[in-house]
Amino acid sequence: MNNAIFQGRPLKRQRYVIEGIVQGVGFRPFVYQLADRLCLNGWVRNDSRGVTIEVEGSVESLHDFGVSLQKEKPPLAVITNLVSQEIPLENAKSFLISSSGKDLASRVQIAPDSFVCDDCLNELFDPTDRRYLYPFINCTNCGPRYTIVTGIPYDRPLTTMAEFTMCPECLAEYENPRSRRFHAQPNACFKCGPQLSLLDSKGQLMTDDPLTAALNALQQGKIVAIKGIGGYHLAVDATNDDAVLTLRRRKERDEKPFAVMSRDLVAVREFSEVNDDEERLLSTAECPIVLLKKSARPILAEAIAPGNKYFGVMLPYTPLHHLLLSGNLATLVMTSANRTDDPIAYRDSEALNRLATIADMFLVNNRRIETRTEDSIVRMIADKAMITRRSRGFVPRRLMLPTVQKSVLAVGAELKNTVCLTRGENAFLSQHIGDLKNLDVYDAFKQTITHLKHILETEPVSVAHDLHPDYYSSRYARSESSLPCIAVQHHHAHLASCLAEHCVGERVIGVCFDGAGYGSDGHIWGGEFLLGDVKEYQRVGHFRYLPMPGGDLATASPWRMALSCLQDLYSDIPAKNVALRGIPEADWRLVAQATEKGLNAPLTSSCGRLFDAVSALIGLRQHVTFEGQAAIELEMRADPDQKMVYPYELIDDSGQVLFDSRPMLGKIIDEHQAGTTTAAISGRFHATLADMVTTICDHLRTQSGLHTVVLSGGVFQNALLTLLTKGLLTRAGFNVLTHSLVPPNDGGLALGQAVIAGSHLG
Ligand code: ZN
Ligand code: ZN
Ligand code: FE
């Protein structure tokens with residue numbers, strides 16, 4: 001390039017400092033090609049803030065450059081801040097890509113892992129391409145990112161690709177600014193990159209054609225553990241009932257649904273009622289698991305999601321997935337490779353050890369996974385997407401906070417744990433970690449904290465944790481860190497998490513419904529009405545307290561909550577009630593006596609426990625095998641068109657509103673005995689809760705003048721309840737905020753803790 005063509009016209013030099021996800025996504029070659037096209041000279045460089053560009057040339061070209069920079073940026077790039085200023089001319093004679101610099105202000109954002117792009121897919125299935133059928137094909141527009149990063153800046157030596165030396169052909173692409181693979185850090189091919197192998201359950205190499213052998217095994221109904229982007233999956237043919245049942249048995253997972261992966265949307269339409277929004281969601285770069293209504297055609301094995309109206313479905317997101325699904329199998333069960341409650345296996349040795357009794361064989365590769373991430377889960381509620389598990393594809397994308405704050409580490413809840421680290425006005429919510437009571441999960445929790453601090457180059461000044469003194473995360477905050485701790489009430493954190501997601505700093509009415517959260521009065525909260533913002537809250541209403549017979553035992557056995565309700569309703573417990581059927585009378589009498597004396601029967605205002613009780617009282621569930629099962633089944637059973645609202649009472653308890661569900665429960669028991677269907681009862685129960693929320697919010701609006709309502713907490717994963725409540729509130733003139741980018745469940749809690757702590761640090 002030279003400036004000859006500009007002779008006689010005014011020249012300018014402009015500097016751009018760009019922040020966002022601009023490294024490892026093909027930004028520099030894009031800038032190079034743009035400068036080339038517009039005959040501009042100068043340079044582009046990665047640094048720890050993002051990308052800096054200096055360009056000089058004609059005023060017109062510089063103008064076009066500025067416009068195209070934003071408009072034509074590469075698909076994975078996200079610009080969050082762009083500052084441009086005019087600087088003195090240097091009479092540059094060419095345009096250069098200079099190597100990564102590193103300065104003090106660390107602002108770089110690492111991109112999430114992305115699905116394989118169309119260009120790479122075309123090459124994958126092109127017999128003349130040198131990467132024909134290569135399972136690890138990628139380019140700057142696609143491929144693994146977060147899961148292979150070991151440090152920053154994002155450069156091959158600081159990824160798990162460091163151990164692979166590029167062959168001359170790959171290196172030429174890597175160094176050519178006109179190539180789609182210019183500085184594609186995971187660039188690889190058959191000659192130089194990661195390779196597949198198939199191992200038997202003892203870890204012995206089985207064949208030199210791993211892909212074909214694995215496919216044959218799947219077709220014969222075998223269980224294959226497959227190493228993916230963020231961990232291992234267990235795969236079986238989704239149409240093979242026996243294979244799915246064998247997987248359930250070996251995985252010791254009785255009823256919790258398995259996710260499936262289908263070749264394409266055509267295959268998805270075969271077994272689900274997928275609408276346009278859902279098809280778009282399935283096809284986004286994040287490739288999440290999307291909950292889709294089952295169609296009437298029973299194509300897939302019933303055991304995949306028993307008792308559920310939905311399938312969790314995703315599309316292939318790695319080249320290997322495309323290869324696996326390009327043959328006879330259109331849909332595979334692809335469930336996280338773990339035994340119940342263990343974290344997903346991601347190291348090869350660990351996978352072989354732990355899964356030896358589950359998988360018949362292992363389709364592995366020699367690219368190390370640095371960071372474990374599970375598949376994300378999203379469901380559409382009306383026309384809005386709600387993430388219920390935020391992990392692969394979304395992490396570590398930043399979330400904008402309402403204000404700039406001091407750096408806080410928030411350690412989250414105990415179940416569905418995630419952690420959150422803030423930097424300036426950004427929050428980085430970690431991938432789903434899991435249940436911290438499991439020792440391996442607890443180790444993963446500690447690793448994640450270390451890794452996040454490392455890749456974000458951020459040291460927090462304070463640690464936020466749940467008010468519950470016994471959560472493992474709270475104990476970690478107090479014991480393993482020397483930083484000052486800030487304890488945050490659980491439901492206040494839910495409220496703040498939703499406010500943070502919407503970048504709202506104002507005071508609102510918070511409706512926070514979940515299973516359990518430690519209350520400031522020492523009781524177990526979970527049906528809460530708060531007034532508050534990201535700093536303070538006041539509890540202004542809640543579900544009337546009920547004893548939880550046996551404490552945590554009540555969570556696993558909904559009949560116990562039903563018993564508590566029966567005791568509360570009747571002076572003589574009706575022994576014939578369906579909730580007690582099959583429970584030895586001596587047993588439940590003993591539990592009832594203990595409850596009456598207040599022994600091992602903590603008080604709770606939990607909405608989740610009310611769902612449990614209703615489920616048992618209409619004969620749906622006396623015991624559950626996973627968290628939330630009774631509530632999910634109640635939602636699945638509900639007839640959404642039921643308009644009738646059951647009677648209930650609102651009690652004024654020295655200024656707080658109490659929701660008294662006794663009239664409703666009495667009516668539910670009567671209706672069930674009179675033969676009303678569970679579908680009708682469940683539909684009316686949902687309608688009643690929505691009505692109650694709206695009535696209470698109306699009362700709170702009159703008192704406080706506030707008209708924005710936040711719906712948060714795990715109960716609002718319930719699509720029907722969310723839809724009904726949001727509808728009624730909106731009709732009553734409220735501005736309603738619900739979760740979308742951050743889970744309403746405890747997976748979003750760390751974000752709320754972080755903003756609350758941040759606002760207290762000032
Ligand atoms: Zn690609
Ligand atoms: Zn190569
Ligand atoms: Fe919660």
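In listed order, ligands and their atoms are each counted from 1.
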Check whether Tyr442 forms a cation-pi arrangement with Arg475 (NZ or CZ under 6.0 Å from the six-membered ring centre, at most 45° off the ring normal). no
Give, rounded to 10 degrees, the angle between SG (Cys192) and SG (Cys189) as seen from the Zn ion (ligand 2). 120°
So, Tyr317 and Asp375: side-chain donor and acceptor under 3.5 Å apart, yes or no? yes
Vertex the Zn ion (ligand 1), rays to SG in Cys139 and SG in Cys120 - rounded to 10°: 100°
Does any N, O or S atom of His491, backbone or side chain, fall under 2.8 Å from the Fe ion (ligand 3)? no
Look at the side chain of Ser430 and the backbone N and O of Val419, then say whether any donor-acceptor pair between them is shorter than 3.5 Å. yes
Looking only at N, O or S atoms, find the one in Asp746 nearest to the Fe ion (ligand 3) and name it. OD1
Do Thr159 side-chain atoms and Arg156 backbone N/O form a donor-acceptor pair below 3.5 Å? yes
Do you know which N/O/S atom name in Asp514 is closest to the Fe ion (ligand 3)? OD2
Please determine if the Fe ion (ligand 3) has an N/O/S atom from His494 lying under 2.8 Å away. yes
For the ring pair Phe513 and Phe529, is the centre-to-centre distance below 6.0 Å? yes
